[in-house]
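The structure appears right after this line, and notes come after that.
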Amino acid sequence: MKYKSQLYPRMYNPLLIKPERPLPREAAIIGSGTIGPDIGYYLKSAIPELRLIFVDVAEEPLENAEKRLTGYVDKAIKKRKMDENKGKMVLKNISYTTDYSGISNCDIVIEAATENLELKRSIFRQIEDIVRPDTIITSNTSSIPADRIFSELEKPGRATVTHFFAPAWHNQAVEVITWEKVERSVVDYLLWMFCKTGKAPIVSDNAICFILDRIFDNWCNEAAYLLNEANAGQIDKVAQEFVFAGPFFVLNLANGNPIIVETNTLQMEEGEHYRPASIFNSVDRWKTIKMGVRPDVPEDIKNTVRDRLLGILFSQSFDIINQGIGTPEDLNLGCQVALGLKKGPLDIMRDLGEAETGRIIKKFQADRPGFPGAEKPFSYYQTFRRHVLADVKDGVKIITIRRPQALNALNDEVNDEILAAMEEDIDNPEITGFVITGYGERAFCAGADIGNFPKMLGDDEASVQYARDCSRLLLYLDTVEKPVVAAINGMALGGGLELAIRCHSMVATRNSYFQFPEITLGILPAIGGCVVPYRKWPKAADTFHEMLRFGKSLNVREAKEIGMVKEICEDYFSMIAQAVEEVNRLQGKVERIPDGKAGIGEILPVENPAAGKLSLSQEAVSILDKTIKECAGADTFREALDIGYNGFGEIACTNAAKEGISAFLERRKPNFDV
Ligand code: COA
């Protein structure tokens, strides 16, 4: 897909970009209505030392903004998501003013005013008169193309759209728009800045409504047209197969009716079929499903609604890819992260298959003439990596796990994509080796995707098979000649740590830590965790006992002391540079994990095993201890791995596993005494 390189001419992983300036020290938000305060809270939580200025035309929204920020901080402290000191820092250095003159020294100014072109233009005229020539200026518009908004700026090269999603302090998605006059360095800086501060930015071309509002606004608009067929509660109920909250529920939450009218009217430039449903002009609140009530949706109505909702979703997705507005990977990810789709639209198509997707889009185009559909074969819309980004730096392929919504947790698809990214270049003489890293600064990988566990719990064979399937990538690492280095950019937990230790070397940033939390879930590390550490760093056997049996975490300094981490790096960028150096150093020198029995010292029985304050299951710890010992006694590394898979099968059938996994998914502390 040629346009991908236009949207991402340099790197796909934003943290591989060396920024031309540091994080902002001073920022302003123009407009303190709905989303402005939330953007401000995100910025201050990510950069507490930032000086932040809210500007609005009236005092009342400014007062409300201040109350909102104070409320957020109080709540975060109560929920122990923030300590008191940080809370004070976040609320410090913020001014609320109706006077633009205070923004003169800002590094970045974000406009978050009402969705009105003339208003925005007049705001930007005022901003440009006051700020420095190098200040970055952005608009949070959800629909108006950048060239229209910034047409009157003297220096449009520093201006673009940065579109946030509600709630902007929590929702990781931000669309960054690339348009003809913006300097590429500005787009790159914004991508870097957002990713560094915990967001998951995606790049959109400068089309009306960009990527995600094409999906969301038309989804809501279509729901309104469907009111001839079903009521709002029924439509929301059908939609919930695909989204966590139905369109009418979300419209109520966001007072979104006028926005849909505004944006769909704008999109009518592309055709009459985008016309907003007239009912939006007469309705304020929708009668949606009450908690615990399950509205009855007759089968024929359900099918009609389902087909139409999928029809609009597919139509817009095809169009975004046909026009090159966004990449398939960003479309798929953005819909999940920003809009709360349970699966990306391209994943839904894949699950339904070519014939069913074809039927739905054909029917939709017949019902709603004018809407776009597929222009290429089905496979064209399916050939992309869903969870992994691949970049090349100095002849080394950098593979980044990108699942920001789950702290880069692994599932079969992620493993397979990493493997495929390596296999693709295994014979390429221009690629000397690989680096595996995680997206963002928080997590290399939070382990195996726990959401996948319930379907195998209680089934020994299925669990062993799961472990074997997950091991394909790791077995490949055991034999591949080209060096593979893990670049650890934060937490490396469970399956993530098993992946990291199977790589041929490891470098890590200062904030990294390493942990096997499996026993706190009532399970054990299935794919080498009970085997590899003891064979690679035998002197640290006691440390590994503590990690595996009691979930003890290892900080980066401790990991370096035992030889697990080769270098500790200041930041993400230098970590990647160091990892590339390590790939070069390891050319022709990759060491294999040894066969033979492993010396693991003594494993002393404990009476009341605990991980911190959490009492562990005695049964689970016993199975784990037995597995570690048997793995150590195996003659070959492969045999030891097999014992580990079987140990996982055994523990997956215990009550402890059932309780531990359920507790995580229900967001509660497990009780292993039951
Ligand atoms: N599998 C699936 N999803 C995971 C995950 C995993 N291993 N680890 C984190 N996530 C998800 C969370 O469910 C959450 O999703 P949500 O926002 O839809 O609820 C999101 O990632 C962010 O994590 P959250 O738990 O809200 O962050 P936190 O800062 O409160 O806690 C951790 C961070 C790492 C302590 C916590 O996520 C955790 O304990 N994860 C599991 C680690 C683990 O046991 N790994 C080994 C698995 S075998």
Side-chain angles (χ1 to χ4, degrees), residues 45-46 75-76 78-83 86 165 167 169-173 198-200 243-245 333 336-343 387 401-415 438-457 463 466-467 470-471 488-501 511-530 547-548 550-553 611-612 614 616 620 624 644-645 647-648 651-652 656-657 659-670:
S45 328
K75 207 165 167 187
K78 264 194 206 116
K79 286 184 147 188
R80 294 173 194 270
K81 294 266 175 195
M82 191 183 278
D83 64 38
K86 183 168 172 189
F165 293 82
W169 60 268
H170 181 66
N171 197 320
Q172 292 174 299
K199 295 278 179 201
V243 288
F244 291 103
L333 177 77
Q336 293 169 74
V337 175
L339 308 180
L341 261 76
K342 294 176 183 171
K343 285 186 171 183
H387 314 294
I401 305 166
R402 184 175 69 156
R403 287 192 76 214
Q405 71 276 39
L407 295 172
N408 301 327
L410 298 170
N411 58 29
D412 319 1
E413 252 179 39
V414 183
N415 285 323
Y439 188 85
E441 290 207 326
R442 198 166 164 221
F444 170 72
C445 169
D449 195 319
I450 299 171
N452 287 338
F453 284 132
K455 57 179 180 252
M456 73 189 86
L457 290 178
S463 303
Y466 163 82
C470 288
S471 290
I488 310 298
N489 54 308
M491 61 181 87
L493 310 184
L497 182 49
E498 287 173 303
L499 168 60
I501 57 179
N511 66 328
S512 298
Y513 70 95
F514 306 84
Q515 193 181 10
F516 285 119
E518 281 84 347
I519 198 66
T520 66
L521 297 167
I523 56 172
L524 59 78
I527 51 173
C530 298
M547 289 178 75
L548 288 161
F550 312 120
K552 179 183 178 293
S553 79
L614 175 71
L616 298 170
L624 171 68
Y645 306 150
F648 179 68
I651 211 165
E659 167 61 11
I661 299 295
S662 310
F664 178 82
L665 296 174
E666 291 159 19
R667 292 195 155 272
R668 61 175 173 84
K669 206 171 153 192

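One-based numbering, in listed order, for ligands and for the atoms of each.
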Where Y645 and A526 come nearest, the two heavy atoms and their spacing: CD2-O, 3.3 Å
Listed once per pair and sorted, the side chain to side chain donor-acceptor pair (under 3.5 Å) pairs that draw on residues 514-530, sequence neighbours left out: none
Name of the residue among K199, Q336, Q172 meeting side chain to side chain contact (heavy atoms under 4.5 Å, CB included) with P404: Q172
For R667, side-chain hydrogen bond (donor to acceptor under 3.5 Å, both in side chains) partners two or more places apart: none
Side-chain atoms of residues 405-412: list all donor-acceptor pairs with protein atoms under 3.5 Å, sequence neighbours left out, distances to 0.1 Å.
| unit_1 | atom_1 | unit_2 | atom_2 | d |
| --- | --- | --- | --- | --- |
| N408 | OD1 | R403 | N | 2.9 |
| N408 | ND2 | Y439 | O | 3.1 |
| N408 | ND2 | A443 | O | 2.9 |
| N411 | OD1 | E413 | N | 3.0 |
| N411 | OD1 | V414 | N | 2.9 |

Protein residues that have a heavy atom under 4.0 Å from any atom of ligand 1, sorted by chain and number: K81, Q405, A406, L407, A409, R442, A446, A448, D449, I450, F453, M491, L493, P517, E518, L521, F664, R667
Residue K343 excluded, over 12 heavy atoms near NZ under 6.0 Å: no
